[in-house]
Amino acid sequence: MSKPRILVARSVFPETIARLQQHFEVESNQDDRGWSKAELIVRLKDKQGAFTTGSERIDAEVLAACPELKICANMAVGYNNFDVDAMTAHGVLATNAPDVLTETTADFGFALLMATARRITESEHFLRAGKWEKWSYDMFAGAEVYGSTLGIIGMGRIGQGIARRGALGFGMKVIYHNRSRLDAALEAECKARYVGKEELLKTADHIVLVVPYSPASHHTIGAAELALMKPTATLVNIARGGIVDDAALAAALRDRRIAAAGLDVFEGEPKVHPDLLTVPNVVLTPHIASATIPTRRAMADLAADNLIGFLVHGKPLTPLNPAVLGGK
Ligand code: 8YV
């Protein structure tokens, strides 16, 4: 019996490719060329499976052009690159890579919060530019972290990880806002108190965004929300580009309506809003919150496990639209 055909849409660990080759005929993009949608379709149209990352949009047009496709396995917990309804309608299974990146990503959220509040990159640029001539009492004075109020918008697994770090490690008062309230036991474990969005914006010293992207969460933070924040507050976005209105944020940072921001994700990334590149009070990183080798390996393994689990054994590990199972 011939092996199922799959496409690996981006460069991944050679070991992942080797493992997939044991089960599938694999076409892979190990040169990591950026494919247009038309180029993606050309390669995907005779495949039964796709190993995707957050960068490949799988929508009705792609699905209509790829009738043999049965599964797209994302090497990411976020899956806003998938039109899941269209995938379900076409009988294509969607899987993501949850859990394996939770603690690594929470670590990074906290690192970005610290770097932002304590002005680490801004002061390093100053030092590297040879501008450090003398110590002064208020040089790069930042915002207090220990004992301050941490506001988390989006209290899924990663948000809970950040809450634990803040409460247990940094003595922070943790407040959160989420579509639904956590159960009392989980709230107690995270030492987090549920509040409305407006109260969170008005009272938090540091706000971390960990909400998944959807049309409903588009511009969760825009000019109106920034105006409610304390002028001393910091904002961290490790969620997705589009959760923050980047133009409005750049204006707020320039006018010092908030103190600082730390951003790992951007609207239209890898492009970054030009105004964000010119304001000093922002820490910018290129979507690396889950980037440690062990975590990226675990994410790649889980995406591969989903492909093998479904196409070989009929049992995916982390299906997003399980209604498809038993269908096509
Ligand atoms: C990925 C992420 O690295 O998992 C996610 O949702 O944002 C990152 O961990 C990125 O999406 C590339 O797949």
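Keep in mind it's a predicted model, so treat the numbers as computed, not measured. All ligand and atom numbering here is 1-based and tracks the order in the structure. Counting begins at 1 with the first residue of the sequence.
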Asker: Could you give the distance from CE (Met172) to NZ (Lys191), rounded to the nearest 0.5 Å?
Answerer: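 Between Met172 CE and Lys191 NZ, I get 15.0 Å after rounding to 0.5 Å.
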Asker: Distance under 4.0 Å, heavy atoms only, partner ligand 1: which residues pass?
Answerer: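 Shell around ligand 1 (4.0 Å, heavy atoms): Thr53, Gly54, Met75, Ala76, Val77, Gly78, Leu101, Arg240, His287, Ser290, Arg296, Met299.
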Asker: Taking side chain to side chain donor-acceptor pair (under 3.5 Å) as the cut-off, I'd like each qualifying pair that reaches into residues 274-287, sequence neighbours left out, listed once.
Answerer: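 Found Asp264-Thr285, Glu269-His287.
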Asker: Is it true that Glu39 and Arg33 have a side-chain N and a carboxylate O under 4.0 angstrom from each other?
Answerer: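 So Glu39 does not pair with Arg33 through a salt bridge.
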Asker: Below 4.0 angstrom, N of the basic side chain to O of the carboxylate: do Glu25 and Lys47 qualify?
Answerer: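 Salt bridge: no.
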Asker: Should the pair Arg296 and Phe13 be classed as cation-pi, given the thresholds of under 6.0 Å to the six-membered ring centre and 45° from the axis?
Answerer: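 That pair does not qualify as a cation-pi contact.
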Asker: Is any NZ, NE, NH1 or NH2 atom of the basic residue among Arg19 and Asp305 found under 4.0 Å from an Asp or Glu carboxylate oxygen of the other?
Answerer: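 Counted as a salt bridge, because a side-chain N and a carboxylate O are separated by less than 4.0 Å.
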